Amino acid sequence: MHHVGQIEVICGSMFCGKTEELIRRVRRAIIAKQTVQVFKPALDDRYGVQTINSHTGQQHHAIALDSAGEIIRRLDPDTTVAAIDEIQFFDPSIVDVIETLANRGIRVICAGLDLDFRGEPFGSMPQILCRAEEVLKLHAICVVCGERASRTQRLVNNQPARYDDPVIFVGASESYEARCREHHIVIRD
Ligand code: TMP
Ligand code: MG
């Protein structure tokens, strides 16, 4: 069905519904009788390794991988739709992998954080966003004021994290909140 491949990106802060939207697109592709494979980095083991999960409880089977290159190796020859969640966690070769898939005629649906807890672009997301045919930026709700949230607040012992803390720290609502620009705090010395 997909003669020309394409890259679609779903991005935004934590709790904005990225995985929910990814699962929605996957379910629709399955209804359309397309052959779909879902991938994720093994690093994110929040709810079990072989699934992707939305914060609202939706779930879908996924192949967990240690490196981006494994996506090509694990790709079924019949696959026409490849969905990849938590794309920000993959090594930089993810950019070439996604391009290769799209150039082979595959519809690639990627979901991930555009910004890390510091408000800086996350991993290879800038490269992927620029190469994508379609980008959807979702917003969560700021837990402080109720405005739309574009940032993710990391909390360490209920205090804002420091700028030089490690970028990768797997977690959910015990460590992170959605916040608007005004209420997003990063401690800098
Ligand atoms: P989510 O966007 O599907 O909610 O998951 C984002 C994951 O990324 C979650 O495990 C927390 C992690 N994360 C980091 O490792 N560093 C960060 O700076 C942020 C904001 C999230
Ligand atoms: Mg998610």
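From a predicted model like this one, the values you see are computed outputs, not experimental measurements. Both counts, for ligands and for their atoms, begin at 1 and track the order of listing.
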Asks: Report the nearest protein non-hydrogen atom to atom 5 (O) of ligand 1: residue, atom name, distance rounded to 0.1 Å.
Replies: Arg46 NH2, 3.0 Å
Asks: Out of all atoms in ligand 1, which are within 4.0 Å of some heavy atom of Asp116? Include the element for each.
Replies: 18 (O), 20 (C)
Asks: Treating Asp116 as the side-chain partner and Arg118 as the backbone partner, does any N or O pair qualify as donor plus acceptor under 3.5 Å?
Replies: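 Pair found, side chain donor or acceptor close to backbone of Arg118.
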Asks: Taking the inter-plane angle between the rings of Phe89 and Phe122 on a 0 to 90° scale, is it parallel (under 30°), tilted (30 to 60°) or perpendicular (over 60°)?
Replies: perpendicular
Asks: Nearest to atom 13 (N) of ligand 1, what protein heavy atom do you find, and at what distance?
Replies: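 Atom 13 (N) of ligand 1 sits closest to the protein heavy atom Tyr176 OH, 3.4 Å.
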Asks: For atom 6 (C) of ligand 1, what is the closest protein heavy atom, and at what distance to 0.1 Å?
Replies: Glu86 OE1, 3.5 Å
Asks: Taking 4.0 angstrom as the limit and counting only heavy atoms of Arg154, give me the atoms of ligand 1 inside it, by number and element.
Replies: 16 (N), 17 (C), 18 (O)
Asks: Of the backbone and side-chain N, O or S atoms of Thr19, does one lie nearer to the Mg ion (ligand 2) than 2.8 Å?
Replies: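 It does; at least one qualifying atom falls short of 2.8 Å.
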Asks: State the atoms of ligand 1, each with its element, that fall below the 4.0 Å cut-off from a heavy-atom position in Thr152.
Replies: 20 (C)
Asks: For Thr19 and Asp85: C-alpha separation, side-chain torsions, deciding distance, then whether side chain to side chain donor-acceptor pair (under 3.5 Å) applies.
Replies: CA-CA 7 Å; Thr19 304; Asp85 200 12; 2.9 Å; yes
Asks: Mark up the atoms of ligand 1 that fall under 4.0 Å of a heavy atom belonging to Ile168, in ascending order.
Replies: 15 (O)
Asks: What protein heavy atom lies closest to atom 21 (C) of ligand 1? Include the residue and the distance to one decimal.
Replies: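 Here the nearest protein heavy atom works out to Leu113 CD1, 3.4 Å.
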Asks: Who's the nearest protein heavy-atom neighbour of atom 10 (O) of ligand 1, and how far?
Replies: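 Closest protein heavy atom to atom 10 (O) of ligand 1: Gly171 N, 3.2 Å.
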Asks: Just do the side-chain contact (heavy atoms from CB on, under 4.5 Å) check on Arg107 and Ile109 with the steps written out, would you?
Replies: CA-CA 6 Å; Arg107 174 183 174 205; Ile109 311 169; 3.7 Å; yes
Asks: Ile7 and Ala102: which non-hydrogen atoms are nearest, and at how many Å?
Replies: CG1-CB, 3.8 Å
Asks: Please say which of Val81, Ile71, Asp96 ends up in a side-chain contact (heavy atoms from CB on, under 4.5 Å) with Leu101.
Replies: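 Answer to the side-chain contact (heavy atoms from CB on, under 4.5 Å) test with Leu101 among Val81, Ile71, Asp96: Ile71.
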Asks: Provide, to 0.1 Å, the distance between atom 16 (N) of ligand 1 and the closest protein heavy atom, together with that atom's residue and name.
Replies: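 Ranked first by proximity to atom 16 (N) of ligand 1 is Val167 O, 2.6 Å.
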Asks: What part of Val170, side chain from CB on, backbone N/CA/C/O, both or neither, has a heavy atom under 4.0 Å from ligand 1?
Replies: both
Asks: Counting non-hydrogen protein atoms only, what is the nearest one to atom 4 (O) of ligand 1? Give residue, atom name and distance.
Replies: His55 NE2, 2.6 Å
Asks: Can you check whether Val143's main-chain N or O pairs, donor with acceptor, with Gln153's side chain at less than 3.5 Å?
Replies: no
Asks: Are any of the side-chain nitrogens in Glu21 or Arg24 under 4.0 Å away from the carboxylate oxygens of its partner?
Replies: yes
Asks: Main chain of Asn53, side chain of Thr51: is a donor-acceptor contact present, judged purely on distance under 3.5 Å?
Replies: no
Asks: Write out the residue and atom name of the closest protein heavy atom to atom 18 (O) of ligand 1, then the distance separating them to 0.1 Å.
Replies: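 In this structure, atom 18 (O) of ligand 1 has Phe117 N, 2.7 Å as its nearest protein heavy atom.
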Asks: Regarding ligand 1, does Phe89 bring an N or O atom to under 3.5 Å of one of the ligand's N or O atoms?
Replies: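 No, there is no polar N/O contact under 3.5 Å.
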Asks: Tell me the closest heavy-atom pair linking Ser93 and Gly69, and the distance in Å.
Replies: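 Residues Ser93 and Gly69, closest heavy atoms: OG-N, 4.2 Å.
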Asks: Check this for me - ligand 1, Lys18, N or O atoms closer than 3.5 angstrom, yes or no?
Replies: yes
Asks: Counting only N and O atoms by type, is there a donor-acceptor contact under 3.5 Å from the side chain of Lys18 to the main-chain atoms of Leu113?
Replies: no
Asks: Does Arg118 come within less than 4.0 Å of ligand 1, judged by its heavy atoms?
Replies: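 Checking ligand 1 against Arg118, which is what was asked, there is no heavy-atom contact under 4.0 Å.
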